[in-house]
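What follows is a single structure, written as structure tokens, with notes after it.
Sequence lines set the chain letters: A, B, ... in the order given, protein chains first and strands last, and positions in each chain run from 1.
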Amino acid sequence: MPAEGDEMHSPNAPARDDAAQTAAAVLDRLRSSMPRVHCITNAVAQNFTANVLLAAGAVPSMTLSGEEIGAFVASAQALLVNLGTFDRERREATSIAVDAAVRNELPWVLDPVFVDRAPQRADYARDLIFLGPKAMRLNHAEFSALAGAAPSDEAVAAFARVKSTVVGLSGETDRVADGTRLATVANGHPLMATVTAMGCAGSALVAACHGVEADPWRATVAGLVIIGVAGELAAAKASGPGSFAVAILDELHNLDERTLVSRARIQIAKAK
Amino acid sequence: MPAEGDEMHSPNAPARDDAAQTAAAVLDRLRSSMPRVHCITNAVAQNFTANVLLAAGAVPSMTLSGEEIGAFVASAQALLVNLGTFDRERREATSIAVDAAVRNELPWVLDPVFVDRAPQRADYARDLIFLGPKAMRLNHAEFSALAGAAPSDEAVAAFARVKSTVVGLSGETDRVADGTRLATVANGHPLMATVTAMGCAGSALVAACHGVEADPWRATVAGLVIIGVAGELAAAKASGPGSFAVAILDELHNLDERTLVSRARIQIAKAK
Amino acid sequence: MPAEGDEMHSPNAPARDDAAQTAAAVLDRLRSSMPRVHCITNAVAQNFTANVLLAAGAVPSMTLSGEEIGAFVASAQALLVNLGTFDRERREATSIAVDAAVRNELPWVLDPVFVDRAPQRADYARDLIFLGPKAMRLNHAEFSALAGAAPSDEAVAAFARVKSTVVGLSGETDRVADGTRLATVANGHPLMATVTAMGCAGSALVAACHGVEADPWRATVAGLVIIGVAGELAAAKASGPGSFAVAILDELHNLDERTLVSRARIQIAKAK
């Protein structure tokens, strides 16, 4: 963690403050405009994802029925497509939902869960990326499986540029690239990896931010900072993964903009 | 909230006390006879719904398999049909389950989730109402979509009368009408709206009450009072929606009849 | 509970200590080798099951898609087959998954949920037992439905011997038999019965233990002791079923080997 003096003299400090202020503004807009996020996500994650969205101020909807998902997406503010359960029903739903998102110019976010574990998922994810998600949120193994390269700053930026999307790469430090801009987000806590669906719920929160912030790179940074700071605050009160999962919902609900800005650990660099 | 003096002189006070005593008796019977409630509900709500039923003393079962749902319903004490996930599997299961409920004279409760958002759901809900649910639990938007009228006392009572069912309308103050009787229930807490599936779980609890109370109007009032009082007690201990969802299970489990009666805020009026 | 002196003079004390030490060693291996457990389980249980596995140190995977479940199982360390939701999708997935487990000599555990409630489930469970699960975890009603006999020590041992499997029978005191050995495990707490999916999650933990312990009888004893001790510790901190479900995840995560050994209440007897 940089000393305060470092930060004050850093050429990136104004940009960092700007990104933190943007995240705070996005959080405020989540609560005032309550965007509805339609989520195609796995059965393990559905309940926790819905509760994370509600705690942050957004509204979840989750139907997978082919007959009505088009109407649900068309009237939503954002769409999440999570590949965590890769069954026929969800693939049919995804096809209709992404089509509705594209036609209605709705932002949608892809979470290509486990594409490193089964080649069919990777193929399917590549087809989806071609349809233009505003952002992808994925981990190192998933990035490598899709990009064919280790997730260096250069590889992440190049992948974002070539695919015309934002890459939100999670890790000990998150990275967010859109081909011209690169941010690192150093918020979060190791307990986040001990709760199932935490990453899936984080992706849903990123999608919610896209529903209230038109710049996809800023929206992605905001989502990762908000969940990361809430995770740090929750960890300070938790006794283990059970109480942590409860506390992060409380902290998301109670998070104020001043705390968010003061705890945000964002570094901005030009993409290389 | 009325002053104590008001209540003592109210012509409805005896009826109110009677309704609160009935709710306490219903709670007692939930715990002593442990009715099994078969729930057709959405994937987001299944786990929390099961835990709410267990906390209140009832026993959940949740299979959707067409081959066996008939047998599960036939040996249950009540059935919940929640339209929250409107897929083919659940519609097939609903058809078999309602048929089994009707043949076995089992009470069943309908929660027509989101009928205001997709016309197919509203059509489907209308078909189900024709099959005779003992009660419906729904919010203002859902009522308006089905009844074609804003939820005034008159409209709620008329809808209940025409459809020969009990309408349990949730809102800041809940209303329960059966065409000749109308109760308002002013229990509950705003945190209940910040937890996913709270309404669905409340409907399951209403169904459980139908399993131990033959008067559908009293059963519905009892269910709404029990979940509402548990919500108030939980809110007093919660720091946000995460800890609230945990605390309401504890409070349902620990709720004693004296507390329930003393906190019940029921008003009885004749239906207009 | 026996006085300390009783235990010191008991002929079974060394075996009991050995079993407790084995459980501690198994817990240690869960954390160091982080076995992946593929779980075919019901929608109600998926989230809690995943969180129990993560809290204990294991890694869950849950896909049911016929196209990829074979690959997921082949690279896992253990498989759980839970019949809690008995739909077509899960039966197809089970067929492929068990086949992959058998071909890869992967241990798999069967939880024949509700076989006492629907004859199709019992038939299906019998077919699965023929395929050689390393262990079964079931309650008294489920045992009686499958074995056609009340669960006496003799009946449990005989069933295990005939079916060449380990029977892990849950109850106030659990019993674990493999035909030649019989252990009783007196850990656990009544609050465990007030949380949905607690048994399912316990079965998943048993499967995880099979992923790091080659002796199926010892693995089953270890899993039941670990979840039972965590339940006792959680109950001491809980105010009801909601906080209990949270606390058991914390306790599983924080459980140290010394506490596990000192609290383990295992009795070893020869199978009759």
- Message: Is A:Leu83 in contact with chain C via its backbone, its side chain, both, or neither, using a 4.5 Å heavy-atom distance?
- Response: neither
- Listed by number, the residues in residues 41-58 of chain C that come under 4.5 Å of chain A (heavy atom to heavy atom) are C:Gln46, C:Asn47, C:Ala50, C:Asn51, C:Leu54, C:Ala55
- Taking atom CZ of A:Arg88 as the centre, does the number of heavy atoms from other residues, nucleotides or ligands within less than 6.0 Å exceed 12? no
- Query: Which pair of heavy atoms, one from A:Gln120 and one from C:Glu67, lies closest together, and at what distance?
  - Reply: NE2-O, 3.0 Å
- Item | Chi angles and distances behind the side-chain contact (heavy atoms from CB on, under 4.5 Å) call for A:Arg91, C:Ser65 | CA-CA 11 Å; A:Arg91 273 177 284 170; C:Ser65 165; 4.3 Å; yes
- If contact means a heavy atom pair closer than 4.5 Å, which residues of residues 237-256 of chain A contact chain C? A:Ser239, A:Gly240, A:Pro241, A:Gly242, A:Ser243, A:Val246
